[in-house]
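Take a look at the structure below.
In what follows, chains carry the letters A, B, and so on, assigned in the order in which the sequence lines appear, proteins first and then strands, with residues in each chain numbered from 1.
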2 protein chains.
Amino acid sequence: MILKKKKIFNDFAASKGLRSTRQRDIILDIFLSTHQHISVEELYLKVKSSNPGIGHATVYRTLKLFAEAGLAREILLHDGQTRYEHVVAGEHHDHLVCTGCNLIIEFEDETIEKLQNEIAARHGFLINSHKMEIYGLCANCRR
Amino acid sequence: MILKKKKIFNDFAASKGLRSTRQRDIILDIFLSTHQHISVEELYLKVKSSNPGIGHATVYRTLKLFAEAGLAREILLHDGQTRYEHVVAGEHHDHLVCTGCNLIIEFEDETIEKLQNEIAARHGFLINSHKMEIYGLCANCRR
DNA sequence: TATAAATTGAAATTGAATATCAAAAGCATG
DNA sequence: CATGCTTTTGATATTCAATTTCAATTTATA
Ligand SMILES: [Mn+2]
Ligand SMILES: [Mn+2]
Ligand SMILES: [Zn+2]
Ligand SMILES: [Zn+2]
């Protein structure tokens, strides 16, 4: 799985004429070792702890490349921090976000996706992406 | 319609013990005269053109009050600018956003709303709000 | 190895949004 | 309509994420 993702990035890099660098390898390794929805700052700190030399700008730049390569998806919730999550080929999901404890639950709903497509078609839109987030309180935070 | 909205704000202000100020009246008038999805900066410039004395901070503060009063809804699209739209009592809609020309089309879909409620309930969530945006190219921008 | 081009990272900059705080304005009271 | 207290305002500073800059370093290719 991890190897496959590395291959995806290498192929992307090759197709774009990007050079292979130690920094990108490290950042990719660490990104792949994390769980979902990590903020750039969190990842930067993780990277820095084992590789103090790697800079802020490089982490930002590299995560954008991962998104472009299809490895990562950028998600903007309501906390002013850009987060990235892992893309699983052929899968899509949206988010339930607890405003109490920041818990994020993923869900997918085919009917909603289909309706979205219909709505876009009805208005002549060619869909590129969509975002859907439901904000509220999770079971724990309700009481 | 406009009078009704002004009353809503006045009642809100009264209930909160807020004072009535020239600035808030002006900003409300101008907000109510605009169309949907205006950014804070856009509104600020509009306000300043007829009332050069009114400051940046006051516009930000006042728009937050409008949202709190239920007159306005804050919307965060993918351009880093907070926008506000008019709230129509009892109505809700989501957005189709053209990444080519920034056209925004509003839509509502009861089935989607119902499914969202079901999903939240299934996970024990108490919904506070949700956002759903579909990004793509509008009919014009497609060609 | 030499050369050209891409990459990096410290530091500066940007841009939206908020905080600060002295001055001004609103409001209740006599 | 003056007094005194509280809220509001707005110029300015500050914050914070993110981007830009650019000299130095690294990579790829010959
Ligand atoms: Mn997710
Ligand atoms: Mn709208
Ligand atoms: Zn929670
Ligand atoms: Zn368009």
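- Across all strands shown, A/G53 has heavy atoms under 4.0 Å from sugar-phosphate atoms exclusively, and none from any base.
- Salt bridge present: B/E85 and B/R73 bring a charged side-chain N and a carboxylate O closer than 4.0 Å.
- Closest approach to the A/S20 side chain among D/dA18, C/dG9, D/dA28 is made by D/dA28 (side chain taken as heavy atoms from C-beta onward).
- Note on A/K64: only backbone sugar-phosphate atoms sit closer than 4.0 angstrom, heavy atoms only; bases stay farther off.
- Note on A/Q81: only backbone sugar-phosphate atoms sit closer than 4.0 angstrom, heavy atoms only; bases stay farther off.
- Listed nucleotides: C/dA16, D/dG10, C/dA6. Nearest to the side chain of A/R19: C/dA6.
- Looking at the side chain of B/A57, the nearest of the listed nucleotides D/dG10, D/dA18, C/dA10 is D/dG10.
- Between B/T21 and D/dT7 there is no side-chain polar atom (N or O) within less than 4.0 angstrom of OP1 or OP2.
- Residue contacts shown for A/R61 include a base, since a base heavy atom lies under 4.0 Å away.
- Residues B/K6 and B/D29 are paired through a salt bridge, judged by an N-O separation under 4.0 Å between the basic side chain and the carboxylate.
- Rounding to whole angstrom units, NZ of residue A/K48 and P of C/dG9 are separated by 12 Å.
- Placement of B/L65 and B/Y60 within a single hydrophobic cluster is found when ILVMFWY residues are connected by side-chain heavy-atom separations under 4.5 Å, directly or transitively.
- Side chain of B/Y60, nearest nucleotide from C/dA17, D/dG10, D/dT8: C/dA17.
- In this structure, the CZ atom of A/R22 is 9 Å from the P atom of D/dT26, given to the nearest Å.
- Spacing between atom CG of B/D25 and atom C1' of D/dT9 amounts to 14 Å, rounded to whole angstrom units.
- A/H86 places a side-chain N or O within 3.5 Å of a backbone atom of A/F31 that can act as its donor or acceptor partner.
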